Student: 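Could you have a look at this structure, given as structure tokens, before my questions?
Predicted model, so just to flag it, every value in this text is computed and none were measured.
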Amino acid sequence: MFQQSSGCCDSLFASQEFGFRPCLAAPKNAFSCSMEKQKLFTGSSSSLSLKEQPQTKRNPILACRASRDPHVITGKDDAAVHGVADVIVGVLGGGQLGRMFCQAASRMAIKVMVLDPQENCPASELAHYHMVGSFDDSATVQEFAKRCGVLTVEIEHVDVETLEKLEQQGVDCQPKASTIRIIQDKYLQKVHFSKHDIPLPEFMQIDDLEGAKRAGDLFGYPLMIKSKRLAYDGRGNAVAKSEDELSSAVAALGGFDRGLYVEKWAPFVKELAVIVARGRDNSIVCYPVVETIHKENICHIVKAPANMSWKIRKLATDIASRAVRSLEGAGVFAVELFLTKDDQILLNEVAPRPHNSGHHTIESCYTSQYEQHLRAVVGLPLGDPSMKTPAAIMYNLLGEDEGEPGFLLAQQLIGRALCIPGATVHWYDKPEMRKQRKMGHITIVGPSLGNVEKLLELMLNEEKSDSKSAVTPRVGIVMGSDSDLPVMKDAAKILNMFGVPNEVRIVSAHRTPELMYSYALSARERGIQVIIAGAGGMVAAITPLPVIGVPVRASTLDGIDSLLSIVQMPRGVPVATVAVNNATNAGLLAVRILGVCDADLVSRMTQYQEDTRDEVLTKAEKLQKDGWESYLNP
């Protein structure tokens with residue numbers, strides 16, 4: 001039935017007690033293939049099954065890498081490593097995170113096994129093996145661990161006692177069981193981070209209604225009541241707006257027997273997140289801070305990078321890094337944070353795995369969070385977490401209805417997304433549609449947050465629109481009066497020639513100072529990357545963007561007064577400039593500035609220079625051939 005490597009899998013397939021689902025050769029479309037009908041053999045353990053795939057020709061060496069020694073993973077005849085890493089990574093959980101983890105592993109040909117109770121879980125078709133069984137069942141987890149070189153998680157709600165036992169037996173668990181134990185219990189998590197001086201909302205345990213009332217008297221209302229365990233995506237949280245609502249809030253969470261604690265309400269203005277990766281050598285790298293927007297307590301939209309000052313970004317990154325350093329083990333950690341109105345950063349919670357807030361990294365960063373987690377747990381060098389695109393936005397595809405109506409709505413949205421430039425659709429292939437269930441996500445990348453936000457708005461608009469209408473200007477051309485337009489239009493002509501979207505506005509620093517201030521302050525948020533301004537000094541004093549000032553010749557002084565107003569700006573307010581009335585060069589300089597991160601513009605600029613050179617050479621040749629008199633009188 002299966003071609004196997006020389007004997008190493010005999011006991012595995014001879015027993016029906018523990019079953020593995022081998023991945024076959026990749027189909028033509030590995031992400032949309034349909035599974036053929038499979039047999040299901042049930043053995044002595046009701047939590048496990050051996051799933052038989054249709055016969056296919058397989059590489060006998062890769063059919064199985066499990067050794068008879070349950071804690072030694074061998075390569076091909078124990079030879080040197082061929083490729084990136086010759087180790088099987090076991091993942092407890094086979095949901096969408098496991099699926100994307102398998103996708104990242106496949107690029108490096110690293111084998112991933114998943115343990116998940118669902119026969120058709122999202123990771124099932126992409127994993128090297130899928131063991132059908134519960135990751136909360138001790139016997140199942142122990143048997144699964146025998147086939148892995150390193151064990152990790154895509155969900156923290158696993159049997160931590162078994163992980164601790166496995167570590168004592170020498171099994172390599174990353175992150176460590178001690179970390180999983182801390183993270184599983186949100187109250188214990190708060191206590192741990194409090195001991196390490198991580199800023200948190202105030203909290204306390206409650207065991208009865210009197211304790212809840214004391215917490216209300218101490219912290220005030222509204223009061224956040226939380227379950228210690230099995231709380232995620234808004235589940236396990238309840239808000240009491242007054243003492244009268246305490247009983248109903250506690251009842252909604254299942255009562256005090258479930259284990260509850262309270263947090264003082266955090267008056268946040270934004271929710272932030274930082275993905276932090278920790279290597280086996282304790283090295284730390286942090287991804288850019290992102291803003292998360294929630295819908296019914298579920299992460300709905302992620303904006304990368306977060307639109308905030310460098311000081312706040314650094315503070316958020318430092319706190320996230322300190323929190324992860326206090327934990328044990330390698331892997332990717334998601335640190336969720338609150339930004340308060342007085343610019344404090346408070347830690348909300350930590351997940352010891354890839355996270356919804358890091359989905360965008362697949363398209364927007366040099367190393368995705370999934371590849372990074374793989375690198376970390378296997379022991380490879382950590383990758384570059386920086387963004388390779390200026391901006392990205394992630395939109396969670398949540399179920400809007402039950403069953404087929406929900407699938408239809410999702411299909412319509414996906415259809416619109418596929419027409420959006422810079423958009424990538426991820427579908428998790430879950431067989432059942434439910435309201436608010438995470439079914440997939442869409443990431444849009446672009447030159448600015450303003451640009452990707454416009455594209456997202458266009459995608460969500462059910463009325464048909466042309467995606468070209470959502471193109472965001474990259475250069476703003478501003479002037480104090482329409483009398484400057486005959487000069488400033490030359491900058492617009494150059495930008496149009498190079499295909500650079502631009503806008504032309506009248507913004508007077510003297511007659512409409514509020515408008516000028518508003519324009520300069522909002523330009524970056526709207527996607528503007530360079531500003532070309534008549535004079536331009538006042539604009540440069542407000543915006544962090546590069547400003548190119550064009551001295552415009554007036555009725556007196558031949559533009560020298562305008563030129564001097566630019567070059568005499570005080571230290572700390574830089575303004576580039578060009579010759580009087582030379583808006584053409586301003587446009588060319590803007591193109592060169594944008595070309596730093598745009599290879600197409602660099603190529604076009606090179607071609608422009610060659611064309612200009614050829615034009616001069618042609619004229620020189622004609623002058624030399626025909627003489628100056630004929631040249632002037634053709």
Student: Think Lys241 forms a cation-pi with Tyr221, using NZ or CZ under 6.0 Å from the six-ring centre and within 45 degrees of its axis?
Tutor: no
Student: For the CD1 atom of Ile345 and the CG atom of Leu200, what is their distance to the nearest 0.5 Å?
Tutor: 12.5 Å
Student: Under 3.5 Å, is there a donor-acceptor pair between the Asp136 and Ser134 side chains?
Tutor: no
Student: Any side-chain to backbone donor/acceptor pair from Glu167 onto Ala177? Under 3.5 Å, distance only.
Tutor: yes
Student: Less than 3.5 Å apart, any donor N or O on the side chain of Gln205 or Asp207 sitting next to an acceptor on the other?
Tutor: yes
Student: Looking at Asp342, I want to see if its CG is surrounded by more than 12 non-hydrogen atoms of other residues, nucleotides or ligands under 6.0 Å.
Tutor: yes
Student: Verify whether one side chain among Asp159 and Thr162 offers a donor that lies under 3.5 Å from an acceptor in the other.
Tutor: yes
Student: Is a side-chain donor-acceptor pair under 3.5 Å present for Gln118 with His130?
Tutor: no
Student: Parallel, tilted or perpendicular for His359 and Tyr370, by the 30°/60° rule?
Tutor: parallel
Student: Identify the residue among Lys226, Lys186, Lys190 that makes a side-chain hydrogen bond (donor to acceptor under 3.5 Å, both in side chains) with Glu349.
Tutor: Lys186
Student: Does a donor on one side chain sit under 3.5 Å from an acceptor on the other, for Asn356 and Asn396?
Tutor: yes
Student: Is there any ring-ring contact (aromatic ring centres under 6.0 Å, His included) pair reaching into residues 373-395, and which pairs are they, with sequence neighbours excluded?
Tutor: Phe101-His373, His300-Tyr395
Student: For Tyr261 and Phe203, take the angle between the two ring planes, folded into 0 to 90°, and tell me which bin it lands in: parallel under 30, tilted 30 to 60, perpendicular over 60.
Tutor: perpendicular
Student: Under a 4.5 Å cut-off applied to non-hydrogen side-chain atoms, are Val89 and Val378 in contact?
Tutor: yes
Student: Within 45 degrees of the axis of the six-membered ring of Phe219 and under 6.0 Å from its centre: does Arg214 put its NZ or CZ there?
Tutor: no
Student: Parallel under 30°, tilted from 30 to 60°, perpendicular over 60°: which one fits the rings of Tyr428 and His441?
Tutor: tilted
Student: Sub-3.5 Å donor-acceptor pair from the side chain of His355 to the main-chain atoms of Ser357, do we have one?
Tutor: yes
